[in-house]
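Structure record follows, encoded as structure tokens.
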Number of protein chains: 2
Amino acid sequence: MKSTTTRDEIIESADQLFYKKGFEKTSFSDIANKVNISRGNFYHHFKSKDEILSAVIAYRLEKTEKMLETWQLKGKSPFERIQSFIHILIVNLSKIKLYGCPVGTLTTELNKLQHSSRGEATQIFSLFREWLKSQFNELGFKNHADNYAMHVLSRSQGIATLANTYHDEEFVHYEVKLLIHWLQNLKK
Amino acid sequence: MKSTTTRDEIIESADQLFYKKGFEKTSFSDIANKVNISRGNFYHHFKSKDEILSAVIAYRLEKTEKMLETWQLKGKSPFERIQSFIHILIVNLSKIKLYGCPVGTLTTELNKLQHSSRGEATQIFSLFREWLKSQFNELGFKNHADNYAMHVLSRSQGIATLANTYHDEEFVHYEVKLLIHWLQNLKK
DNA sequence: GTCTATATAATGATAGAC
DNA sequence: GTCTATCATTATATAGAC
């Protein structure tokens with residue numbers, strides 16, 4: 001029944017490869033090999049490499065939205081929910097150590113490439129930003145909600161970048177602790 | 001007399017292009033056009049693209065060392081010197097907004113490429129790290145000197161990444177202020 | 001929907017004249 | 001030291017058979 005299986009497989013494989021190797025370095029051959037189809041078959045599903053990128057970004061946007069919804073339901077307070085966000089640095093630590101943050105590294109790469117899809121990639125950031133902002137709003141920090149959201153995003157990005165640079169897990173644990181302390185002091 | 005002029009021009013042009021477009025995307029044609037030489041002439045000065053990368057990294061290491069020496073002499077206290085570091089986010093703001101941090105983005109890219117020179121790129125980070133560490137040491141934070149150095153690096157990286165993502169100057173000013181507050185509270 | 005060619009353009013790299 | 005010409009390889013992308 002499902003005729004979209006191959007298309008989905010392409011998206012998921014491209015998603016992983018773009019993360020691990022970068023968009024530019026990932027070739028059709030790389031993706032084709034991973035999915036086990038020929039390069040020619042490829043263009044039946046996507047007209048160009050840029051179309052795959054768009055599909056991958058859309059896929060990531062969907063996954064992010066679902067994750068935020070889960071955190072929204074699971075977290076009993078805005079405080080707990082923000083902690084869920086910070087905690088992905090620990091949950092995904094082994095991958096972050098190897099490849100950095102999937103959102104930050106893609107956005108940075110597309111920015112350098114002046115790629116037309118860089119705005120779409122930024123939207124992934126904005127999903128987190130708006131979600132965090134709404135948590136801080138709920139905590140009563142109405143004038144600084146966006147500033148605090150950006151602060152959490154910024155700290156997380158820095159942690160991911162240096163974790164990737166030095167492949168240092170201890171550093172991440174230390175910084176995550178600091179960031180949660182910052183959050184707790186904010187509550188006072 | 002100077003027979004290294006062309007070589008130096010190549011390095012400086014490559015340096016800028018690697019920063020603006022990324023290493024992978026920058027081609028020999030790009031560099032050759034900028035220097036106004038033919039692609040063939042190129043290989044008289046460098047055997048491969050990787051050799052240019054190595055030369056560019058060495059060039060950046062030199063420039064960084066000189067900058068750190070200047071800060072060391074100019075700053076009257078470790079506190080002032082650390083502020084010099086933080087302040088580059090403001091000094092280079094227009095470029096950071098467009099291309100991110102030259103150190104962080106190169107390191108991240110070379111990591112994804114699994115490039116053999118990624119260790120050399122990390123050394124640029126380590127220059128800053130060791131220098132900051134020595135400042136914190138001088139301030140008396142002997143047990144946490146490296147942690148604090150990494151913290152400053154981390155915060156700076158995050159700020160640069162989001163400044164690049166959102167092209168937001170106000171955000172950088174706000175975060176730099178926060179980081180300096182953090183530093184001042186540390187002194188107590 | 002999948003495959004095997006093949007077209008086309010760009011890249012890194014080399015050879016050899018001047 | 002600089003150039004032109006050329007090679008080999010790879011990449012995106014297309015055409016057409018099955």
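Bear in mind that the values here come from a model prediction, so they are computed numbers and not experimental data. Numbers restart at 1 for each chain; the letters A, B, ... are given by sequence-line order, proteins then strands.
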If you check the [X] side chain, which of [options] turns out closest?
| X | options | result |
| --- | --- | --- |
| B:Arg39 | D:dG1, C:dT2, D:dT6 | D:dT6 |
| A:Ser27 | D:dA11, D:dT6, D:dC3 | D:dA11 |
| A:His44 | D:dC3, C:dA13, C:dG1 | C:dG1 |
| B:Ser48 | D:dT4, C:dC3, C:dA13 | C:dA13 |
| B:Lys49 | D:dT2, C:dA13, C:dT4 | C:dA13 |

Open item on the list: So, OP1 or OP2 of D:dG1: does either fall under 4.0 Å of a side-chain N or O from B:Thr6?
Closed with: no
Open item on the list: With a 4.0 Å limit, can you tell me whether B:Asn41 has a side-chain N or O closer than that to the phosphate oxygens OP1/OP2 of D:dC3?
Closed with: yes
Can you check the [X] [atom1] to [N] [atom2] distance for me, whole Å?
| X | N | atom1 | atom2 | value |
| --- | --- | --- | --- | --- |
| B:His45 | D:dC3 | NE2 | P | 9 Å |
| A:Asp8 | C:dG1 | CG | P | 12 Å |
| A:Phe28 | C:dA7 | CZ | P | 20 Å |
| A:Ile37 | C:dT4 | CD1 | P | 12 Å |
| B:Asn36 | D:dG1 | CG | C1' | 16 Å |
| B:Asp30 | C:dA10 | CG | C1' | 11 Å |
| A:Lys47 | D:dT14 | NZ | C1' | 14 Å |
| B:Glu24 | C:dA10 | CD | P | 17 Å |

Task: Stepwise side-chain contact (heavy atoms from CB on, under 4.5 Å) test for B:Leu113 and B:Phe23 - done: CA-CA 10 Å; B:Leu113 296 176; B:Phe23 168 71; 3.9 Å; yes
- [ ] Assess the pair A:Phe136 and A:Trp131: is the distance between their ring centroids shorter than 6.0 Å?
- [x] no
TODO: Would you indicate whether B:Lys34, at its atom NZ, is surrounded by more than 12 heavy atoms from other residues, nucleotides or ligands within a distance under 6.0 Å?
DONE: yes
- [ ] Provide the closest heavy-atom pair for A:Lys25 versus A:Lys21 in the form atom of the first, atom of the second, distance.
- [x] CB-O, 3.4 Å
Open item on the list: Less than 3.5 Å apart, any donor N or O on the side chain of A:Tyr166 or B:Ser126 sitting next to an acceptor on the other?
Closed with: yes
- [ ] Using a heavy-atom cut-off of under 4.0 Å over every strand shown, decide if A:Tyr43 touches base, sugar-phosphate, or nothing.
- [x] base
